[in-house]
Participant: 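Encoded as structure tokens, here's the structure I'll be asking about.
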Amino acid sequence: MGNANVTADAPGPGQTPQRYDVVRRQREFANTVTLALKPHAGVRPTFTPGQFNMLYAFGVGEAAVSVSGDPADANTFIHTIRDVGAVSGALARLAVGASVGVRGPFGRGWPMQAAIGTDVLIIAGGLGLAPLRPAILDIFAHRRRYGRVSILFGCRHPKEMLFCRELRRWSRRVNVDVQVTVDHADIGWHAHVGVVPTLIARVALDTRATTVFVCGPEVMMRFSINALQDRGLPARRIYLSMERNMKCAIGLCGHCQFASAFVCKDGPVMCYEKIADMLAVPEI
Amino acid sequence: METLEHILAAHPFCSGLAPERLRLLYGCARNCRFDAGQCLHRACEGADKFFLIRHGRVALEIAEPGGTPFMFATLEEGEIVFAGEPMSPCSWLFDARAIEPTQAISIDTACLRGKCERDYRLGYEMMSRFLPILAKRLHAARLQLLDVYGKR
Ligand SMILES: Cc1cc2nc3c(=O)[nH]c(=O)nc-3n(C[C@H](O)[C@H](O)[C@H](O)COP(=O)(O)OP(=O)(O)OC[C@H]3O[C@@H](n4cnc5c(N)ncnc54)[C@H](O)[C@@H]3O)c2cc1C
Ligand code: FES
């Protein structure tokens with residue numbers, strides 16, 4: 001599944017950024033935008049939900065950014081970017097018509113095959129919904145392959161609700177349970193208030209046949225895992241998307257090392273059973 | 001017909017409670033309902049009852065004097081609305097407001113406290129039900145305080 005078709009001694013799309021143009025730009029909320037990128041020449045490579053690209057803001061630098069678009073849309077790469085520093089800021093400011101360098105896609109994505117025939121529980125915190133969106137769209141495109149599908153999403157405030165129109169649309173589907181929560185709200189808000197793990201206690205869960213995809217800040221993922229384990233979910237059924245600082249993205253530089261694994265090629269999606277011990281070590 | 005005793009027994013807070021203890025709790029219980037927007041209680045009022053929610057949704061809010069209320073939690077079916085110390089006299093620190101039509105069972109805390117003082121096993125039973133809820137809410141409040149979702 002998912003690893004980019006690249007080796008260390010064969011220069012290719014994995015090492016040389018390809019030129020893409022920004023064809024759409026959508027402001028999600030303060031400091032977060034979604035860009036649609038179209039290859040300047042040729043077609044975009046296929047990707048697995050959960051994979052990421054290295055986006056190069058010319059003259060500034062590269063950053064790892066998950067693909068947040070529909071795997072079935074063969075024309076563009078969609079990326080959702082939060083401006084947190086020099087590179088992400090330069091990317092987030094790109095206007096329609098600007099060019100950007102793209103290497104990828106890289107990494108192992110969500111276990112779409114392993115989840116077939118099971119219920120799927122998706123837990124996203126903040127920008128963590130971006131790498132989960134391709135998985136959600138893929139599940140919707142092949143809805144019959146899966147049992148019950150639940151999506152739990154949490155963010156700081158209703159004003160920071162990523163993909164809010166889509167969340168509303170998904171929640172109207174009869175065969176999906178969508179629950180949204182915010183850390184705090186003003187009185188006009190009529191849905192949940194509280195952190196995402198509090199939703200886990202409320203969702204219908206068959207602990208023998210559910211695959212869980214979790215993505216969000218690491219602390220939020222840890223609290224979510226506790227809540228899942230309180231409900232009896234085995235570690236082997238929980239998958240997390242890990243983030244580490246990336247440089248090469250092809251397993252060469254060691255920047256993304258996570259104990260004996262490299263997040264860029266062994267992840268970013270990892271099974272909790274395999275990394276539970278590492279997650280508990282503060283130095284890792 | 002569904003009696004209050006049956007309704008109480010079906011609430012998750014009472015799950016596994018021995019029938020004689022359930023009867024004691026029932027003696028302090030009343031059915032209540034709130035329209036959307038109606039307050040279950042207000043900050044600084046004496047916390048002379050707590051509520052087991054049957055249906056609906058309740059928001060917990062704090063407001064600065066003259067400021068807009070800040071909603072920091074919602075509670076739903078199967079959950080419980082109580083002040084920090086359900087087993088000793090205290091005041092509510094926040095407002096609780098129904099944001100949907102809400103049905104609940106209110107439990108008179110003075111009545112229950114008296115029974116717990118006479119029957120320590122009932123007291124132990126109540127504390128062992130309240131404590132895990134308190135611990136979970138403390139963990140959730142800490143995670144909320146960490147404000148983990150990235151830069152403002
Ligand atoms: C697999 C993967 C997928 C990602 N997907 C997305 C995405 O879809 N959208 C998005 O906006 N960002 C995503 N990121 C994070 C993104 O790569 C970083 O925000 C970016 O590298 C920051 O670079 P900068 O120069 O803008 O900020 P810097 O100046 O380098 O750092 C600004 C702040 O961000 C922190 N930071 C830097 N790099 C990372 C990192 N890799 N992970 C967590 N915090 C970091 C720094 O500690 C600092 O606090 C992803 C990262 C990885 C590893
Ligand atoms: S980013 Fe270089 S080894 Fe992973």
Participant: Out of A:Pro197, A:Gly216, A:Ala30, A:Cys155, return the one with the most heavy atom pairs under 4.5 angstrom to chain B.
Facilitator: A:Cys155
Participant: Can you measure from CZ (A:Arg222) to CG (B:Leu143) and round to the nearest 0.5 angstrom?
Facilitator: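 These two atoms lie 10.0 Å from each other.
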Participant: Report the distance from atom OG1 of A:Thr198 to atom CZ of B:Arg137, rounding to the nearest 0.5 Å.
Facilitator: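 With rounding to 0.5 Å, OG1 (A:Thr198) is 10.5 Å from CZ (B:Arg137).
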Participant: Could you tell me which of B:Ala59, B:Ala73, B:Ala141, B:Ala36 has the largest number of non-hydrogen atom pairs under 4.5 Å with chain A?
Facilitator: B:Ala73
Participant: Counting only heavy atoms closer than 4.5 Å, note whether A:Asp230 contacts chain B via side chain, backbone, both or neither.
Facilitator: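 It is the side chain, since no backbone atom gets that close.
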Participant: Counting neighbours of NZ on B:Lys136 that are heavy atoms of other residues, nucleotides or ligands and sit closer than 6.0 Å, is the number greater than 12?
Facilitator: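 Incorrect, the count does not exceed 12.
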Participant: So which of B:Glu77, B:Arg97, B:Glu79, B:Glu76 has the biggest tally of heavy-atom pairs under 4.5 Å with chain A?
Facilitator: B:Glu76
Participant: Should the heavy atoms of other residues, nucleotides or ligands under 6.0 Å from NE2 of B:His55 be counted, would the total exceed 12?
Facilitator: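 Yes, the 6.0 Å shell around NE2 holds more than 12 heavy atoms from other groups.
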Participant: Heavy-atom pairs under 4.5 Å with chain B - which of A:Ala201, A:Ala191, A:Gly128 has more of them than the others?
Facilitator: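 Ranked by heavy-atom pairs under 4.5 Å with chain B, first place is A:Ala191.
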Participant: Just checking A:Arg173: does its CZ atom have more than 12 heavy atoms from other residues, nucleotides or ligands closer to it than 6.0 angstrom?
Facilitator: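 Yes, CZ of A:Arg173 has more than 12 neighbouring heavy atoms, counting only those of other groups under 6.0 Å.
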Participant: Looking at B:Ile99 and A:His190, what are the two nearest heavy atoms and their distance?
Facilitator: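 Taking every non-hydrogen atom into account, O-ND1, 3.5 Å.
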Participant: Counting only heavy atoms closer than 4.5 Å, note whether A:Ala227 contacts chain B via side chain, backbone, both or neither.
Facilitator: neither
Participant: Heavy-atom count check: over 12 atoms from other residues, nucleotides or ligands less than 6.0 Å from B:Arg42 CZ?
Facilitator: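 At most 12 heavy atoms, drawn from other residues, nucleotides or ligands, come within 6.0 Å of this atom.
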Participant: Locate the shortest heavy-atom distance separating B:Tyr149 from A:Arg156; write the atom from each residue and the value.
Facilitator: CD1-N, 3.4 Å
Participant: Would the number of heavy atoms belonging to other residues, nucleotides or ligands and lying under 6.0 Å from CD of B:Glu64 be above 12?
Facilitator: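 12 or below, so no.
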Participant: Begin with the C-alpha distance, continue with both residues' side-chain angles, and end with the deciding distance and a verdict on side-chain contact (heavy atoms from CB on, under 4.5 Å) for A:Trp189 and B:Thr74.
Facilitator: CA-CA 10 Å; A:Trp189 173 253; B:Thr74 49; 5.7 Å; no
Participant: Looking only at heavy atoms, which two atoms of A:Ile187 and B:Glu61 are closest? And how far apart?
Facilitator: CG2-OE2, 3.1 Å
